[in-house]
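Each remark here refers to the structure printed beneath this line.
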Amino acid sequence: MKYLLIFVASIVVAAAAHSWRARSILLDGYNIKPMTWRGSVKEGGPEMTFHGTIEEVAAQIRATEPPLTWSYIRDQHRAIRKRAEVPNITCDAVDMNSGAPLSQAWKIRDNLVHAPGTCGVEGGPGVCSRISCSGHAAAWLCNDNLSCIHPKCSDLAAHIDEIVDECQETNTGHSHRHGKTVSGQVANDDDYRVIVGYDDC
């Protein structure tokens, strides 16, 4: 088959058994809304809309009858990073319980870089959506614009790369956080921010 369910099948949807939960400690005073994913699941197909993290979107696509598929998106994060402006990175930007396990931060990055379509957040200012979550690592997209934003999901993976590169630290606390952890945010010139840190998925 030309179009395979590579992205959807690659995700272990641990969040499927849980309701969508927001961390009240993410950003003081910010409203938490579900992400809106928009895109075509196969080339030439109609635009569709789903809500939730990219993992929850994948689960909804898998549950569709007949099954929906989308084509494999080649990992282009190196090219994306070459085009990016010099990022404004803040490490440990918010209290997210000592950071996310590094291996799980890479997982949420991979889930986004292989996703077609856009990851949307309602108009703000001060609105955040959890865009990806795996184990105890989450990525959030926070919108400080008056209007809604719809950046490409795959482009947001480049910001996760930037946070991981700059904000790693060694954690010797609880067992699920032994080794390297990461917590930080990137402020984009388009008045939105990507935040990576600890969360329960």
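Side chains are part of it too, since the values below use all heavy atoms of this structure and drop only hydrogens, waters and symmetry mates.
The closest side-chain donor-acceptor pair between N188 and H159 falls under 3.5 angstrom. For E55 and S132, the side-chain atoms include at least one donor-acceptor pair closer than 3.5 Å.
Note that CG of L102 and NZ of K107 are 14.5 Å apart. Values are rounded to the nearest 0.5 Å. Between atom CE of residue M35 and atom NZ of residue K33 there is a gap of 16.0 Å, rounded to the nearest 0.5 Å. To the nearest 0.5 Å, the span separating SG on C128 from CZ on R130 amounts to 12.5 Å. Note that CH2 of W37 and OG1 of T49 are 8.0 Å apart. Values are rounded to the nearest 0.5 Å. Taken from CG in D161 to CG in L112, the straight-line distance is 10.5 Å, to the nearest 0.5 Å. The line from OG of S134 to CG of D110 is 10.0 Å long, rounded to the nearest 0.5 Å.
I89 and E162 get closest at one heavy-atom pair: CD1-O, 3.6 Å. Closest non-hydrogen pair, Q60 versus F50, comes out as OE1-CD2, 3.2 Å. Shown here for G184 and I163, the closest heavy-atom pair between the two residues is O-CD1, 3.7 Å. Taking every heavy atom of both residues into account, S129 and G120 meet most closely at OG-O, 4.3 Å. Contact record, C201 with A137: SG-O, 3.5 Å, taken as the closest heavy-atom pair. In plain terms, the two heavy atoms of A105 and I160 that are nearest each other are O-CG2, 4.1 Å.
Using a 4.5 Å cut-off on side-chain heavy atoms (C-beta onward), L141 and P151 make contact. In this structure, the side chains of I131 and L156 come closer than 4.5 Å at one or more pairs of heavy atoms. Taking 4.5 Å as the limit, every side-chain heavy atom of Y198 sits out of range of all side-chain heavy atoms of T181. Contact check for V121 versus C148: no side-chain heavy atoms found under the 4.5 Å cut-off. Inter-residue side-chain proximity for C142 and I195 is flagged as met; some heavy-atom pair is nearer than 4.5 Å.
N145 meets the side chain to side chain donor-acceptor pair (under 3.5 Å) test with N143; sequence neighbours excluded. With sequence neighbours left out, the side chain to side chain donor-acceptor pair (under 3.5 Å) criterion links T36 to H51.
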Which is it for W140 and D199 under the side chain to side chain contact (heavy atoms under 4.5 Å, CB included) test, yes or no, and what are the steps along the way?
-> CA-CA 10 Å; W140 295 78; D199 205 349; 3.3 Å; yes
Intermediate values then yes/no, side-chain hydrogen bond (donor to acceptor under 3.5 Å, both in side chains), D200 and H136 | CA-CA 5 Å; D200 293 319; H136 295 285; 3.0 Å; yes
